[in-house]
Amino acid sequence: MPLLSQRPRGDICTEPLSAGKSRVRREKRQMIIGIEDDFSLEKMADCGQCFRAVCLPDGSYRFISREKVLNIREQVPHQFQVSCSEEEWDEFWRDYFDLSRTYKRIREDLLLQLSGERTTPFGQTSRGISEGDAATETARRQGSIDPGERCIQGLDVGSDAAIRFLTQAEQAGRGLRILRQDPWEMLITFIISQRKNIPAIRLAVEKLAMLYGHPVKEMLFTFPTPEELGRASEADLRTAGLGYRAPYVKDAADKVLSGALDLEALGKLDDGALFEKLMTVKGVGKKVANCICLFGFGRTSRAPVDVWIERAITLCGGVDPFPAFGEYAGIMQQYAFYYMTHQKM
DNA sequence: GACCAGGTGGCCT
DNA sequence: AGGCCACATGGT
């Protein structure tokens with residue numbers, strides 16, 4: 001039996017009503033938080049962006065980040081019982097769940113883009129042009145884009161097949177949010193993720209926490225800090241089951257501990273510079289760097305392409321549709337990833 | 001017991 | 001610049 005006896009599950013309804021901030025109903029320990037926006041605990045815990053969230057036997061979900069643990073359960077639609085103080089919710093978990101963004105509105109924008117009714121293009125407000133825009137541009141110049149495609153505001157969403165697929169993906173993924181996770185944990189976790197399926201990633205991360213993290217509760221350990229992980233030799237990491245990734249993880253820890261990779265400072269870089277800096281770590285290629293940008297630094301313009309998204313692109317007619325969503329490419333990608341991995345397409 | 005998994009580095013043209 | 005291939009280990 002693997003270390004993880006609990007897997008995300010459940011059937012929680014999360015139909016969004018109106019956009020807005022969450023409200024606090026009660027004080028102290030067992031608070032109730034009202035959240036009107038997209039917020040599916042089941043999907044967020046089981047969408048492949050965080051690997052330590054679990055559904056407990058009582059139907060509540062447990063999230064761990066840095067030194068903090070949260071138990072959260074949806075009592076009635078949009079009403080969530082949480083195990084933390086109001087202060088901790090406001091100072092930590094609200095940001096973790098990216099509640100300053102309104103996903104309901106973002107989805108409306110995505111659908112407008114899909115239907116061709118959007119009046120202003122994505123991706124012009126912040127952090128410049130994304131990597132994939134250039135690729136789409138290149139494809140256009142080379143004439144490799146299907147002539148039957150739709151072209152919206154100069155940004156190619158793709159063929160009718162792409163529009164159909166993405167519309168279904170948006171429906172399937174509704175309720176997801178891009179979690180604001182710890183950059184260091186994302187760096188190590190996504191280095192480990194290569195050539196592993198999601199259950200195997202969960203197991204590997206949980207093993208690292210148990211071996212090198214410290215306890216927050218009984219039988220529950222933090223993800224190891226750079227200092228803690230730095231105490232492990234490459235051989236130790238191999239023994240921990242990391243296989244050929246052990247030297248990659250070692251290199252990442254070395255770079256962070258030496259200051260060669262200052263994760264705090266990285267947060268101030270623009271998307272492109274951040275991406276390039278992450279790529280300097282051994283074992284961090286294009287896909288992993290984009291995952292760290294998206295899940296560790298909240299860079300929603302980054303849309304990682306893995307084997308699942310590769311298949312999605314094939315279904316869309318062979319042209320990567322995600323860069324056309326500009327600032328929200330990563331959110332559309334996450335819907336597509338969820339759709340692909342839960343439909344077994 | 002195959003075959004695959006949220007890929008990447010190194011080596012080859 | 002682009003096409004192969006090995007790579008450790010666990011899931012299905």
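The structure displayed is predicted, hence computed values, not measured ones. Letters A, B, ... are given to chains in the order of the sequence lines, protein chains preceding strands, and every chain is numbered from 1.
For the pair A:I201 CD1 and B:dA5 C1', the interatomic distance rounds to 8 Å; values are reported in whole Å. Here the P atom of nucleotide B:dG6 and the CG atom of A:D46 are 11 Å apart, to the nearest Å. The CG-C1' distance, from A:L294 to B:dG6, rounds to 12 Å in whole Å. Counting to the nearest Å, the C1' atom of B:dG6 and the CG atom of A:N290 are 12 Å from each other. The CH2 atom of A:W308 sits 10 Å away from the P atom of B:dG7 (whole-angstrom rounding). In this structure, NZ of A:K196 is placed 15 Å from P of B:dT8, rounded to the nearest angstrom. Rounded to whole angstrom, the span from the CD1 atom of A:I191 across to the P atom of B:dG6 amounts to 17 Å. A:I192 places its CD1 atom 14 Å from the P atom of B:dG6, with the value rounded to the nearest Å.
Put simply, A:F337 rests on the base of B:dG6: the two rings are less than 5.5 Å apart at their centres and nearly parallel, under 30°.
Comparing the P positions of B:dG7 and C:dT12 gives an interatomic distance of 15 Å, to the nearest angstrom. Across C:dC4 and B:dG6, the matching P atoms stand 24 Å from one another, rounded to whole Å. Rounded to whole Å, the separation between the P atoms of C:dC5 and B:dC3 comes to 16 Å.
A:D236 and A:T239 share no side-chain donor-acceptor pair at under 3.5 Å. No side-chain donor from either of A:D37 and A:T102 sits under 3.5 Å from a side-chain acceptor of the other.
Residue contacts for A:E310: at a heavy-atom cut-off of 4.0 Å it reaches no nucleic acid atom on any strand shown. The residue A:Y338 sits apart from the nucleic acid: no heavy atom pair falls under 4.0 Å.
When the side chains of ILVMFWY residues are joined at heavy-atom separations under 4.5 Å, either directly or via intervening members, A:L111 and A:L166 end up in a single hydrophobic cluster.
Using the six-membered ring where Trp is involved, A:Y244 and A:Y248 have ring planes that are perpendicular, over 60° apart on the 30 and 60° scheme.
Of the side-chain N and O atoms in A:K207, none sit less than 4.0 angstrom from OP1 or OP2 of C:dT9.
Toward the 5' end of DNA chain B, the nearer of the two residues A:V288 and A:A200, judged by each one's closest nucleotide, is A:A200.
For the salt bridge (Lys or Arg N to Asp or Glu O under 4.0 Å) test, residues two or more places apart in sequence or in another chain that qualify with A:D98 are A:R101, A:R180. Residues passing the side-chain contact (heavy atoms from CB on, under 4.5 Å) test with A:T167, sequence neighbours excluded: A:L114, A:I163, A:Q171. Taking the ring pair (Phe, Tyr, Trp, His ring centres under 6.0 Å) definition, one finds that A:Y338 meets it with A:H342, sequence neighbours left out.
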Collect all protein-nucleotide pairs involving nucleotides 1-7 of chain C in which both atoms are nitrogen or oxygen and the distance is under 3.5 Å.
none

Between the protein and nucleotides 9-13 of chain B, list every N/O to N/O distance that falls short of 3.5 Å.
unit_1 : atom_1 : unit_2 : atom_2 : d
B:dG9  : OP1    : A:G283 : N      : 3.1

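Rounded to the nearest 0.5 Å, atoms CG (A:N71) and OG (A:S60) are 4.5 Å apart.
Between A:Y103 and A:F39, the ring center distance fails the sub-6.0 Å criterion.
Residue pairs meeting the ring pair (Phe, Tyr, Trp, His ring centres under 6.0 Å) criterion with at least one member in residues 189-213 of chain A, sequence neighbours excluded, are A:F51-A:F190, A:F190-A:F295.
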